[in-house]
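Heads up, the thing below is written out as structure tokens.
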Amino acid sequence: MTDDEIKKLMEDGKADKRHQEALRKIGPGTFCLHRSWGFGRIASYDQILGKFLVDFRGKTGHAMEVRYVAESLEPLAADHILVRKTTALDELKALAASQPLELMRVVLNSFAGQASLDQIAAALCPDVVAEADWKRWWDGAKRAMKKDHHFAVGAKKTDPVILRGEPLRPEQEALQAFAAAASLKAKVEAAEQLLRAADQIADRDTVFGPVVHALSIEIEKSKQREPGVALEAIWVRDELAELQGQKSHLTVGQIHDILQNVRHLGELLESLPSGKPKRLLPQLRALYPDTWHDTLRNLVASSSTKLAGDIVEFLVAEGQGEAVTQFLDRFVREQTASSELCFWICRNRNQPALATTLRPILNVRLMGAILQALQRDQFEVTRRKNVMLDYLLADSNLVVELVRDTDIEEVRDVARRLLMHPVIGEMDRRSLLGRIIKLHPPIQALLVPQGRDAAATKSQGFVVSWESLEQRKAEYDELVTKRIPANSKDIAIARSYGDLSENYEFKAAKETQKVLMSRQGELEAMLSGARGTDFNDAKTDTVGIGTVVTLTDLTENKTVRYSVLGAWDSDPDRGIVSYPTALAQALLGKKVGDEADFEIGGHRHNVRVEKIERYVDLKSEIGPPGLPKSAAAVAASSEPAAPASSSATPNPPSGPAATPAH
């Protein structure tokens with residue numbers, strides 16, 4: 001408004017002196033913001049009523065008194081993001097597509113130089129950037145801002161994005177981040193950022209000195225509470241000190257203190273970022289010169305693929321190749337090798353530096369260890385993609401290499417285990433067996449039985465407990481009713497992004513679809529071949545499925561007891577073994593007084609059968625099939641009562657064909 005117009009309003013008592021400045025910025029056509037009604041535009045001024053008419057979204061022609069306009073409306077400049085969305089929306093969309101940093105400058109300047117993620121999203125989505133494209137666009141814009149030192153992007157979602165008047169040099173940005181860091185992890189990240197900028201720093205003593213000192217203090221505070229992060233801090237501190245031409249005298253003592261107080265060395269190594277465990281291995285050797293190799297060998301069996309590989313490669317480089325071969329062979333013979341260790345062995349079997357170490361264990365026993373590891377993995381609470389199974393199916397030469405030059409009986413044993421494997425899908429099992437049959441044609445008889453044996457095989461399937469069958473059915477139901485439909489939606493959303501050749505979201509969703517559909521096929525094959533039972537029909541004249549057998553171990557002169565249950569029931573802590581296992585197979589059909597031989601943990605055992613009892617009679621003591629002992633009491637309290645008659649058959653679960661075992 002003009003000064004004359006404002007003066008007239010003041011003379012009429014519709015405004016006073018304190019409203020003058022605000023009224024000078026307001027007039028017909030002015031864009032404005034109200035704290036309750038949001039974005040609007042002043043349409044006109046009614047001189048008769050002495051009121052402004054304002055068009056808000058969903059509230060057009062709203063009359064407001066002059067005093068209220070001056071006190072409650074915030075006039076917006078022509079370059080404000082809300083104004084430009086009204087006057088130049090196409091220009092903003094073009095900026096979003098080709099110059100996201102320029103668009104972010106418009107947004108941040110509209111909010112006095114800084115804005116939260118919520119404010120940015122509200123300003124741009126969906127008017128400028130479509131809702132379906134928002135996440136991908138924002139991730140790209142954020143990456144670009146992190147590379148441009150005019151912007152400061154916080155580590156947390158709640159941190160505002162800041163537009164700086166002048167760009168900070170990389171070392172200045174790192175020092176600011178270090179000073180603001182609330183945790184040691186954040187300080188380590190800032191110190192690593194400082195390391196990356198080291199070539200641009202002339203006075204390293206001045207810049208690095210305070211950081212090295214501060215890290216040393218934080219390491220002492222955190223080495224008990226956060227040992228993994230403390231190790232990272234030690235290494236980055238030492239690198240900064242070396243760039244100053246110094247060497248920290250605290251390193252060996254601090255690492256020794258951390259390792260002395262760590263309960264689980266494997267967990268510590270696994271917690272370190274990729275590449276960092278390799279830095280700790282030589283220090284373990286220096287700190288424990290007499291026991292380091294034994295300590296590392298013991299870690300291999302339970303480590304992830306990456307860590308197991310790092311340890312084995314380090315041991316081989318240190319001249320421990322023969323010892324590595326021996327303990328890997330022991331893990332294989334004892335069937336205790338994890339699927340991740342098996343995967344590492346198979347994937348690296350042709351590496352020249354490891355060939356001498358790995359070649360002796362590339363045999364049929366490794367194939368058996370792989371099958372055992374895959375079967376163990378099915379009971380993990382957290383399911384993840386099994387890289388060993390994928391590799392076994394994808395590498396057409398692997399199975400051939402493992403069963404070549406092997407006694408036919410050993411091959412036959414592995415083929416039997418493969419044929420009834422509960423994890424590998426039916427088509428995949430037949431594909432793998434086909435590779436074996438090419439080398440050993442007699443194995444064909446296992447795949448295609450003849451005469452009455454063929455009819456029996458088709459009708460029998462494999463026996464499982466109702467409890468384990470219900471677990472499989474629950475997984476199948478969740479897969480087909482929740483996970484697969486959700487994945488289909490993800491694919492549809494990702495497809496809407498366009499340009500499928502460069503569409504990461506679409507490729508990831510399609511990969512997930514392959515995994516889900518593969519698992520669906522596996523579960524359908526497993527469930528269709530399973531025969532549920534409550535073990536009520538078990539007999540006690542010989543050891544059979546559903547019996548509890550008490551044995552005298554003649555080798556070690558002690559008494560042991562095993563419950564021989566369904567193909568998916570396994571809990572070594574409670575003595576529950578599945579009937580397809582080598583141990584159970586050695587006992588099946590034995591009578592009281594009979595002797596049997598089997599191998600556990602690489603040791604042969606000669607046992608005598610002392611007593612055979614029905615599992616159903618001891619179920620309250622042993623607990624439900626497949627559940628750990630700690631959960632048995634909880635499950636028993638909610639378990640339906642067993643039928644009064646041993647001939648009664650419980651209602652089978654619904655779903656893919658589940659046949660009661662008789």
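We count residues from 1, following the sequence as given. Predicted model, so just to flag it, every value in this text is computed and none were measured.
- Residue-environment remark: CG (N557) stays at or below the threshold of 12 foreign heavy atoms within 6.0 Å.
- Taking the six-membered ring wherever Trp is involved, the centroid distance between the rings of Y579 and W568 does not fall below 6.0 Å.
- At a threshold of 4.5 Å between non-hydrogen side-chain atoms, the residues V548 and Y562 do not count as touching.
- When each of L392, V332, I370 is tested with C342 by the rule side-chain contact (heavy atoms from CB on, under 4.5 Å), just one qualifies, namely I370.
- Checked against salt bridge (charged side-chain N to carboxylate O under 4.0 Å, His left out), K514 has the following partners two or more places apart in sequence or in another chain: E511.
- Remark: R483 does not engage E478 in a salt bridge, criterion side-chain N to carboxylate O under 4.0 Å.
- Separation of atoms CD1 (I361) and CD (Q326) is listed at 12.0 Å; rounding is to 0.5 Å.
- Between the side chain of R614 and the main chain of N536, a donor-acceptor pair closer than 3.5 Å is present.
- The side-chain heavy atoms of S338 and M388, taken from C-beta on, include no pair separated by under 4.5 Å.
- Side-chain contact, E610 with T552: a donor N or O sits under 3.5 Å from an acceptor N or O.
- E401 and R404 are not joined by a salt bridge, as no carboxylate oxygen comes within less than 4.0 angstrom of a charged side-chain nitrogen.
- In this structure, S271 OG and L231 CG are separated by 8.0 Å, a value rounded to the nearest 0.5 Å.
- Ionic pairing of R349 and D395 is present here: one or more N-O contacts between side-chain nitrogen and carboxylate oxygen are shorter than 4.0 angstrom.
- Residue pairs meeting the salt bridge (charged side-chain N to carboxylate O under 4.0 Å, His left out) criterion with at least one member in residues 555-567, sequence neighbours excluded, are E556-K558, R561-E621.
- Once rounded to the nearest 0.5 Å, the distance linking CG of L469 with OH of Y476 reads 13.0 Å.
- The pair D477-K482 does not count as a salt bridge, with every side-chain nitrogen at least 4.0 angstrom from each carboxylate oxygen.
- Between F314 and W292, the angle of the ring planes goes over 60°, which puts this pair in the perpendicular group of the 30/60° scheme.
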Trace of the side chain to side chain contact (heavy atoms under 4.5 Å, CB included) decision for L315 with V312:
CA-CA 5 Å; L315 289 170; V312 170; 5.5 Å; no

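- Counting heavy atoms from C-beta on, the side chains of R412 and I443 come closer than 4.5 Å.
- No donor-acceptor distance shorter than 3.5 angstrom exists from the side chain of D428 to the backbone of L393, with no hydrogens or angles considered.
- Defined by atom type and a distance below 3.5 Å, a donor-acceptor pair is present between the side-chain atoms of S468 and S465.
- L371 has its side chain within reach of I424: a pair of non-hydrogen atoms, C-beta onward, lies under 4.5 Å apart.
- Between the side chains of T547 and E613, no donor-acceptor pair is found at a separation under 3.5 Å.
- Atom CD of E322 has 12 or fewer heavy atoms from other residues, nucleotides or ligands within 6.0 Å.
- Ion pairing between a basic and an acidic side chain is recognised when a charged N comes within 4.0 Å of a carboxylate O; D594 and K591 show no such pairing.
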Between H440 and V403, is the side chain to side chain contact (heavy atoms under 4.5 Å, CB included) condition met? List the steps.
CA-CA 9 Å; H440 302 280; V403 302; 4.3 Å; yes

Step by step, would you call R604 with D597 a side chain to side chain contact (heavy atoms under 4.5 Å, CB included)?
CA-CA 7 Å; R604 299 294 302 178; D597 293 297; 3.6 Å; yes

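- When side chains are defined from C-beta on, T559 does not count as touching D553, because their heavy atoms never get closer than 4.5 Å.
- L418 is listed as a side-chain neighbour of I436, based on a closest heavy-atom distance under 4.5 Å.
- Panel note: side chain H605, backbone A596; no donor-acceptor pair is recorded below 3.5 Å.
- Note that the CG atom of D541 and the CD1 atom of I612 stand 7.5 Å from one another [nearest 0.5 Å].
- If you take CD1 on I345 and CG on L341, they are separated by 4.0 Å, rounding to the nearest 0.5 Å.
- Residues D407 and E410 are in side-chain contact: their nearest non-hydrogen atoms beyond the backbone lie under 4.5 Å apart.
- A donor-acceptor distance shorter than 3.5 angstrom exists from the side chain of T325 to the backbone of T357, with no hydrogens or angles considered.
- Ion pair K306/E270 not flagged as a salt bridge, since none of the NZ, NE, NH1 or NH2 atoms sits closer than 4.0 Å to an Asp/Glu carboxylate oxygen.
- Counting only heavy atoms from C-beta outward, the side chains of V411 and V414 never approach each other to under 4.5 Å.
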Could you go step by step and tell me if N350 and L358 meet the side chain to side chain contact (heavy atoms under 4.5 Å, CB included) rule?
CA-CA 9 Å; N350 295 320; L358 299 182; over 6 Å; no

